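In what follows, chains carry the letters A, B, and so on, assigned in the order in which the sequence lines appear, proteins first and then strands, with residues in each chain numbered from 1. Since this is a predicted model, take the numbers as computed values, not measurements. The basis for the numbers below is simple: all heavy atoms, side chains too, and nothing from hydrogens, waters or symmetry mates.
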Amino acid sequence: MQVIFKELTTNFEVILLESLIKNEKKEEFEKIRKNLINQPSKEEFGDYQCNICLVLSKIYKKSPREIANRFVKKLKANKKISNLCEDLEIAGPGFINIKLKNNILIEEIKSNIKCPRAGVPLSNKKNKNHLRKKVVVDFSSPNIAKEMHVGHLRSTIIGDSISRILELRGYIVLRLNHIGDWGTQFGMLITHLKDLYSSDLKKIDNIKISDLVEFYKASKKRFDNEKEFKKRSREEVVKLQSGDRESIQLWKLLCDQSRKEFDQIYKTLNIKIKERGESFYNPYLKSIIEDLNLKKILIEDQGAKCVFLDGMTNKEGKPLPLIIQKKDGGFNYATTDLAALRYRFNKEPDGDNATRIIYVTDHGQANHFAGVFQVAKRANWIPEDCEVNHVPFGLVQGIDGKKLKTREGETIRLKDLLSESIKRAKEDLLKRLENESRSETNDFILNTSRVIGIGAVKYADLSQNRITNYQFSFEKMLSLNGNTAPYLLYTLVRISGINRKNNMPEDNINSESISYSHDLEWKLIRKLLKFDEVLISIEKDLMINRLCNYLFELCQTFNRFYDKVPILKVEMSKKISRLTLCALTEKTLKLSLELLGIESLERM
RNA sequence: GGGGCUGUAGCUCAGUAGGAUAGAGCAACGGUUUCCUAAACCGUAGGUCGUGGGUUCGAUUCCCUCCAGUCCCGCCA
């Protein structure tokens with residue numbers, strides 16, 4: 001319905017401007033045009049509302065209702081507006097409630113049914129060469145030789161969903177996995193590896209580390225306790241960074257084995273992402289220093305090369321530095337992040353030619369990114385018309401409100417968490433089958449519980465406002481009531497049920513005869529038509545929970561309709577009209593679940 | 001000490017480019033099945049929107065004070 005909204009806004013603006021000119025207040029136009037037409041604060045107020053008369057009352061020094069009367073008269077005289085609107089009603093102190101004509105809404109429904117994106121328009125934004133804009137989404141980013149945990153889960157799920165939504169809107173999306181594959185920890189890992197497998201070093205393929213996490217822990221323990229080991233580890237870092245052949249081989253071995261673990265998780269979660277770890281940017285680090293030097297913003301302090309940040313201070317009240325090069329000459333993550341940012345905005349072939357970079361990390365890194373962005377801006381590395389966004393998210397907590405841990409106090413492995421969810425979904429399903437005396441094939445049971453189990457975990461995360469911490473509860477996310485994946489899937493299953501029972505041949509459907517009379521039909525129509533506006537708002541603020549909220553409301557609206565309004569056992573024209581609503585609900589839901597990375601089901 | 005984020009019903013959370021009587025789910029209580037999956041639907045009850053100021057015709061929303069929780073603050077990422 002975005003198109004209608006825009007047309008209404010344009011024509012309202014014309015009338016507003018005429019009025020202002022007539023009253024010699026033209027200069028106010030820019031200030032007050034912004035929120036000329038709003039979403040209604042309540043459904044019963046109509047399709048949109050206009051609150052401008054209360055503002056005009058101040059400017060014209062007349063009562064808002066008096067102004068509203070005149071304004072509405074002018075609006076009604078406008079042909080384009082009267083073609084769209086059934087009624088412009090003045091309410092309360094001077095609000096104008098806008099109700100659209102039924103046939104306009106029905107035309108929208110028909111057009112959305114035909115549209116493969118269910119009415120969501122493609123973004124018309126293009127880059128300077130009039131090509132589709134490219135967005136880099138940086139998400140997931142686990143560390144080599146460490147287990148993925150719930151913190152990575154949020155980044156992965158949110159980043160994936162953002163990518164999918166931007167793709168639907170027509171952007172070219174480059175999903176990047178900025179994995180931690182470089183840095184000082186590799187010194188100890190490689191040294192430990194060399195000690196353990198000294199005899200196999202010639203035949204590297206023979207080395208199989210059974211448990212990388214245990215391996216990491218053992219290395220760390222030695223690093224912290226053995227002086228000699230620590231020394232060798234440090235030397236190993238230098239070797240690695242200077243490109244020593246054997247060190248590089250062992251580094252690759254560690255990365256490969258880790259990658260296998262990650263890929264399993266990504267397969268389970270159905271995540272597509274391109275691995276481009278920190279090591280990729282090594283060749284570009286030196287020029288970061290050079291360029292910052294050239295621009296005279298790099299300052300040496302206590303042996304380290306820093307950029308001092310504006311508006312940020314440390315404990316002593318002095319300007320906070322962003323360390324670009326350590327006193328030992330090594331680079332750290334700020335350097336890599338700057339190099340990555342610059343590369344992504346650079347033109348091809350030495351860059352990605354992006355116009356927007358989105359970083360999905362926990363909000364603990366907010367300061368870090370604020371610093372990095374500030375330096376990038378001062379160094380002029382963010383081109384005109386381009387933007388960077390940090391998309392922060394809160395912690396995953398247990399029921400106790402503390403960081404999610406096992407009973408033993410250990411970090412929960414992501415793969416254990418996912419299989420637990422599937423297991424619980426399966427138990428629920430089996431119980432239901434028994435209660436209803438249903439029998440299903442083993443394949444059905446496995447697939448259904450997998451889709452529900454994974455979907456529930458994803459949806460629980462995405463439906464939450466990402467900025468706040470959220471409490472992880474299998475019980476809630478798998479519940480069949482409330483704003484959960486199973487509730488949405490169930491709604492879809494109901495529609496599939498209707499389709500199965502419907503024996504009417506498809507070519508009987510004549511969309512010309514569509515008409516609606518029931519109040520619940522109209523509520524569903526209006527809800528369906530909000531879909532595009534929801535997605536467009538998400539493109540700006542990247543709050544995925546808006547989509548989930550919308551879907552929950554859509555399903556509630558549909559279920560009320562389904563409960564009270566017969567669909568199949570009615571006369572032909574009503575049946576066709578109602579089946580059309582079912583079809584669009586189904587399409588919207590399926591598409592949305594896809595955007596959330598959740599699979600659909602026909603039966604459950 | 002500085003900065004970020006959070007504080008809304010018993011619990012978990014929506015809602016904030018200012019708008020009319022602040023919404024869901026869970027838990028509690030009550031109701032609905034000749035019909036498409038009742039895994040649903042309907043109703044009742046539950047609120048000083050952390051505190052105190054300010055701006056405004058109008059503030060949960062914007063600004064300031066204070067309180068509470070949490071995260072970050074020089075060579076880890």
Check the distance between [N]'s [atom2] and [X]'s [atom1] and give it to me in whole angstrom.
X: A:Asn332; N: B:C75; atom1: CG; atom2: P; value: 9 Å
X: A:Met188; N: B:C76; atom1: CE; atom2: C1'; value: 11 Å
X: A:Tyr216; N: B:A77; atom1: OH; atom2: P; value: 11 Å
X: A:Lys220; N: B:C76; atom1: NZ; atom2: P; value: 11 Å
X: A:Glu43; N: B:U21; atom1: CD; atom2: P; value: 18 Å
X: A:Phe393; N: B:U70; atom1: CZ; atom2: P; value: 20 Å
X: A:Ile323; N: B:G74; atom1: CD1; atom2: C1'; value: 3 Å
X: A:Ile399; N: B:A27; atom1: CD1; atom2: C1'; value: 14 Å

Give one of base, sugar-phosphate or nothing for [X], where a contact means two heavy atoms less than 4.0 Å apart.
X: A:Gly364; result: sugar-phosphate
X: A:Ala91; result: base
X: A:Asp181; result: nothing
X: A:Tyr487; result: sugar-phosphate
X: A:Asn559; result: sugar-phosphate
X: A:Leu54; result: base
X: A:Asn469; result: sugar-phosphate

Tabulated below should be each protein N or O lying under 3.5 Å from an N or O of nucleotides 23-26 of chain B; please produce it.
| from | atom 1 | to | atom 2 | distance (Å) |
| --- | --- | --- | --- | --- |
| B:G23 | OP1 | A:Lys42 | NZ | 3.1 |

Runs of at least three Watson-Crick or G-U pairs with RNA chain B, cut-off 3.5 Å: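 When the pairs of RNA chain B are grouped into runs of at least three, the stems are B:1-7 with B:67-73, B:10-13 with B:23-26, B:28-32 with B:40-44, B:52-54 with B:62-64.
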Would you verify whether the NZ or CZ of A:Lys530 falls within 45 degrees of the ring axis of A:Tyr48 while also being under 6.0 Å from that six-membered ring's centre?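 Yes, cation above the ring, under 6.0 Å and within 45°.
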Tell me whether the guanidinium CZ or amine NZ of A:Arg276 lies under 6.0 angstrom from the six-membered ring centre of A:Phe280 and within 45° of its axis.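 Yes, a cation-pi geometry.
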Contact check, side chains of [X] and [Y], non-hydrogen atoms, under 4.5 Å:
X: A:Leu524; Y: A:Leu554; value: yes
X: A:Phe229; Y: A:His192; value: yes
X: A:Ile179; Y: A:Glu278; value: no

Ionic contact status for [Y] with [X], cut-off 4.0 Å:
X: A:Glu28; Y: A:Lys31; value: yes
X: A:Glu89; Y: A:Lys99; value: no
X: A:Asp138; Y: A:Arg344; value: yes
X: A:Glu475; Y: A:Arg424; value: no
X: A:Arg70; Y: A:Glu66; value: yes
X: A:Glu599; Y: A:Arg450; value: yes

Could you encode protein contacts along nucleotides 2-8 of chain B as a string, one character per nucleotide from 5' to 3', using B for base contact, S for sugar-phosphate-only contact and - for no contact, with a heavy-atom cut-off of under 4.0 Å? S-BSS--
Measure all distances between protein nitrogen or oxygen atoms and nitrogen or oxygen atoms of nucleotides 44-47 of chain B, and list the pairs falling under 3.5 Å.
none

Can you tell me which residue among A:Glu43, A:Lys527, A:Arg526 is in a side chain to side chain contact (heavy atoms under 4.5 Å, CB included) with A:Thr557?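 Only one option passes, and that is A:Lys527.
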Distances for protein N or O near nucleotides 29-37 of chain B N or O, under 3.5 Å:
| from | atom 1 | to | atom 2 | distance (Å) |
| --- | --- | --- | --- | --- |
| B:C36 | O2' | A:Ile498 | N | 3.1 |
| B:C36 | N4 | A:Tyr562 | O | 2.6 |
| B:C36 | N4 | A:Val565 | O | 3.2 |
| B:U37 | O2' | A:Tyr490 | OH | 2.4 |
| B:U37 | N3 | A:Met604 | O | 3.4 |
| B:U37 | O4 | A:Met604 | N | 2.8 |

Could you classify B:A17 for me, syn or anti, using a glycosidic angle within 90° of 0 as syn?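 Glycosidic conformation of B:A17: syn.
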Intermediate values then yes/no, ring-ring contact (aromatic ring centres under 6.0 Å, His included), A:His368 and A:Tyr333: CA-CA 10 Å; A:His368 165 66; A:Tyr333 64 113; 4.4 Å; yes
Among A:Tyr359, A:Tyr281, A:Phe139, exactly one meets ring-ring contact (aromatic ring centres under 6.0 Å, His included) together with A:His178. Which residue is that?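 Only one option passes, and that is A:Tyr281.
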Go through B:U12, B:A77, B:G19 for me and flag the one nearest to the A:Gln471 side chain.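 My answer, after comparing the listed nucleotides, is B:U12.
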Gap between atom CG of A:Leu581 and atom CD1 of A:Ile576 - 0.5 Å precision: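 One gets 12.5 Å once the value is rounded to the nearest 0.5 Å.
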Residues from residues 297-310 of chain A sitting under 4.0 Å of RNA chain B, heavy atoms only?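 Those residues are A:Asp301, A:Gln302, A:Ala304.
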